[in-house]
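Letters A, B, ... mirror the listed sequences (proteins, then strands); counts begin at 1.
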There are 2 protein chains.
Amino acid sequence: MSATIKDVALRAGVSTTTVSHVLNKTRFVAKATQERVFQAAEALNYAPSAVARSLKVKNTKSLGMLVTTTLNPFFAELVNEVEKCCYREGYNLVLCNTDGELEKTNSYLRMLTQKRVDGILVMCSAYDDSLFSSLIGQRNLPMVVMDWGPSDDYVDRIQDNSVKGAHLAIQHLVEQGHKRIAYIGGPLTKLPAKQRLEGFLEAMAQANLAIQDDWVIESDFEFEGGKLGMRQLLSCSSLPSAVFIGNDAMAMGAMSEAQLSGIKIPQQLSVVGYDNCMYSAYFSPPLTTINQPKERLAELAISTMIERIENPRQEGKMIMLEPNLVVRASVSAIPF
Amino acid sequence: MSATIKDVALRAGVSTTTVSHVLNKTRFVAKATQERVFQAAEALNYAPSAVARSLKVKNTKSLGMLVTTTLNPFFAELVNEVEKCCYREGYNLVLCNTDGELEKTNSYLRMLTQKRVDGILVMCSAYDDSLFSSLIGQRNLPMVVMDWGPSDDYVDRIQDNSVKGAHLAIQHLVEQGHKRIAYIGGPLTKLPAKQRLEGFLEAMAQANLAIQDDWVIESDFEFEGGKLGMRQLLSCSSLPSAVFIGNDAMAMGAMSEAQLSGIKIPQQLSVVGYDNCMYSAYFSPPLTTINQPKERLAELAISTMIERIENPRQEGKMIMLEPNLVVRASVSAIPF
DNA sequence: AACATCTTTGATGGTCGCAGACAAACTTAT
DNA sequence: ATAAGTTTGTCTGCGACCATCAAAGATGTT
C-alpha cells in the first residue's frame, strides 16, 4: 500500500526517529541527512498517516458540525464560514446534517465520538429534550452550541439576539408609518423562532399597535412554508400593510406567492426578512432584512472551540451576537 | 481520559478479544458473557476508538469532498444529497471548499491523504492543468470526479450532459417563438460553462438563428455576475426577447437587475436558467430552467465511489447524466 | 598524547487502542 | 479415552511519536 515512515528511513539510510524529526522539524538534523530524508519521502510518495499519529498524540485535528440542513441558505452560508475558519486553523470539518431527526443526530454523535473528533459544533436550533440528553452524554467532548441553549455549564453557547432583531424589524416598519403588521415565523420548537415571535410581540406592544390574531402565523423556516404562510395571510378578511417574516427563505417563498397573486411589493405590501442571506439582495425587489453576522458567528464559534480544546476545564461561556437592520427596497413608506 | 477496550475487558472479566468480538458481532460469544461485556461498556461509557480501529483495519469510513464553494446553491444542494448518501452507507463526509484556490486545494488534498480518507469526491469543475497534476499525484486514492474530466483511466467521472441541456433551453425558447436570444454564461475555465455555451451555439445554428456578438456574455456563475451580465446586456443597442442564463444563481441576479430597470419578465424578456435549484421555483416569476438530477448525481457518485473502494483495480468509468427542462413562468410565447 | 567532558547526531524500544491469527481450555459425544 | 465441538484467551502488529540511550566528534585539561 502506501509507504510508511520505516520505508522512508530505510531508503534514506537513517532511523525512523530521524525521519520523524526532520519531517516535524522537532529537532536539529544535519542538512545532508535532511536532504536524503526528503528525497526518500518524495520518491516513495510518502504521506504520514494521520491516523497513526492521532492514536499517539490523542487529537485528530477535525471537528464535527451538526446542523439541521444545509439546504437552508442561512446554514449553508454559516457552514461556509465555519469551513473557512477550520481550514485556517488546520482543522477538517466533518459535515453532519441531522435533518431534524433524532436518530440521525444520535447516530452522528456516536460516530463523531468514536472518530475522536476534537470537538463538536452544534447548530440544530431545536430545544428538544431528547436531543439535549443525547448531547450531555457526550459531556467530555468540547462542544459549542449556536442558536440554542442547553443550560449546561460545560458547553459554550453563542446566540444571536433574535428578540432584538425582531425589534429592529418592527421599529423600521413603524418608522415607515406601518401600523398593520403581520408576522410569519418559524416553528416554535426552535429557539430563534420563539425569540423572534417574542420580539415581534414586544415591539408591537411598545409601539401601541394591535396584533390581529390571524396575522401571526407559525410556519417552518422553509421556502414552501413561506409560500403557504403568505397564502394563509392573503386569505384573511383584511390585509396588513407589512409583514415581518422569520427568515429570508420564507420571505422568498412568501414574496413569490404574493406577487403571483398580483400584489405589488412594496407598494401594496412591505416585507422585512431575517438572516440577510446572500441572495436576499437579489430578490425582486431586494429584501430589507435583519442581518445576522454570520462571519463573526463562525469565527467566534471556532475560536471558542479551540480555546475549549486547549483548556477543557474552563466554565461554559455564553456569547451574544447583535443583529442589525439592512435596508433595501422591500419596504415602502406609508404617507400619513 | 476515555475508557479503552482493555478497561471494559477488565471490568467484564474477559479478554479484550472477547470484548472486541461481542461489540463487532464478529464471532459467537455466550449470551451471559455478552451481557457482562455490554454492561461493562455501558458503565464505562465506552466508545471504541475509530482511530485505533482504522489503523488496524486500514479504512476510515470517511470520504473527502472537494467542492468549489457551497455558497453556490447548486453545490449546496448537491453536497446535501451527497451527505445523505454517505450517511446511509455509514461514511462520514469531510467538506473541503477550495474557493477555486489552487493552494487550498492542494493543502486539502494533502490533509485528506494523510487522514487516510477512503476516497475523494471532486467537484471543482475547473479543468485547470495544475489542479489536474495535483490530483494525479493521488492516483492511488479512489476518486470520482463530477463535472470535470481529467482524462485518466483510473478515476471515475460523472458528467451532466450540459450541451444537451443548453439545446433543451434554446429549443424551448424557439418553440415559444423567440428568435432574438442572448446568453449569459459561466467562466470558460469551467467545463460546464464551456459545454453550455457550445450547446447554445449549436442549437442556435440548428434553428437558423443569428447570434449577435454582444449578446453572448461570459460571467462567473455567481449572483452578482448575473446582475452584471444583465446590466451589460441591457446596455446593448438592441435588446433580445429572451436570454438563456448559465445557472440559476446568475439568473436570479440577472432577473433582479432587469426588474430593477423596469423590465417585465416574462412579458418583455423571457429567461431560462440552468440547474433547477430549489429556490428557482420561488423566483418572481418562477424560473423556467434546466434540471440537473442532483439526487441521482449524488447517488451515482457514492455508489461508484464505493464500488471503486471495494475494487480499486477496475477501470475508470464515465457516466453521463441527462438534464431535462422544467417549465415554469419566466418564458412567454411570442405571437407571430 | 591521553583522558575527561560536552555537544551534536543517530538508534532503540515502548506505547497508543484495536483486530485477528492461532491456540488453549473446557464440554460433550462416541 | 479420544475425537469433535464450543467458548474464550494469548500475542503480535498496524504506523507513528518520544523518552531514553548511545556513538561520534569537538574541546579542554594535564
Pair B:Ser15-B:Thr18, side-chain donor/acceptor within less than 3.5 Å: yes
To the nearest Å, give me how far apart CG (A:Leu10) and C1' (D:dG15) are. 15 Å
Hey, could you give me each pair passing ring pair (Phe, Tyr, Trp, His ring centres under 6.0 Å) that has a residue in residues 39-63 of chain A? Not counting sequence neighbours. none
Strand-adjacent residues in residues 27-39 of chain B, judged by heavy atoms under 4.0 Å from DNA chain D: B:Arg27, B:Phe28, B:Val29, B:Ala30, B:Thr33
Send over the distance from A:Leu23 CG to D:dA16 C1', rounded to a whole Å. 11 Å
Among all residues two or more places apart in sequence or in another chain, which pass the salt bridge (charged side-chain N to carboxylate O under 4.0 Å, His left out) test with A:Glu307? A:Lys317
Determine to 10° how strongly the helix from C:dA1-D:dT30 to C:dT30-D:dA1 is bent, judged from the axes of its five-pair ends. 70°
Using the side-chain hydrogen bond (donor to acceptor under 3.5 Å, both in side chains) criterion, which residues pair with B:Asp160? Sequence neighbours excluded. B:Ser162, B:Tyr274
Can you tell me how far P of D:dA16 sits from CG of A:Asn24, to the nearest Å? 11 Å
Between C1' of D:dA16 and NZ of A:Lys6, the distance in whole Å: 10 Å
Taking side-chain hydrogen bond (donor to acceptor under 3.5 Å, both in side chains) as the definition, give me every residue that meets it alongside B:Lys104, ordered by chain and number, with sequence neighbours left out. A:Glu83, B:Asp99
Which residue pairs pass the ring pair (Phe, Tyr, Trp, His ring centres under 6.0 Å) test with at least one member in residues 8-42 of chain B, sequence neighbours excluded? none
Where at least one partner belongs to residues 100-120 of chain A, residue pairs that pass ring pair (Phe, Tyr, Trp, His ring centres under 6.0 Å), sequence neighbours excluded: A:Tyr108-B:Tyr87
Below 4.0 angstrom, which residues in residues 46-57 of chain A have at least one non-hydrogen atom near DNA chain C? A:Leu55, A:Lys56
What is the 5' to 3' range of DNA chain C, first to last nucleotide, that sits under 4.0 Å from any heavy atom of chain B? C:dG17 to C:dC22
Within this structure, what is the CZ-to-P distance between A:Arg116 and D:dA16, rounded to whole angstrom? 20 Å
Residues that A:Glu295 engages under salt bridge (charged side-chain N to carboxylate O under 4.0 Å, His left out), provided they are two or more places apart: none
When you measure from every atom of DNA chain D, which of residues 12-20 of chain B have a heavy atom less than 4.0 Å away? B:Gly13, B:Val14, B:Ser15, B:Thr17, B:Thr18
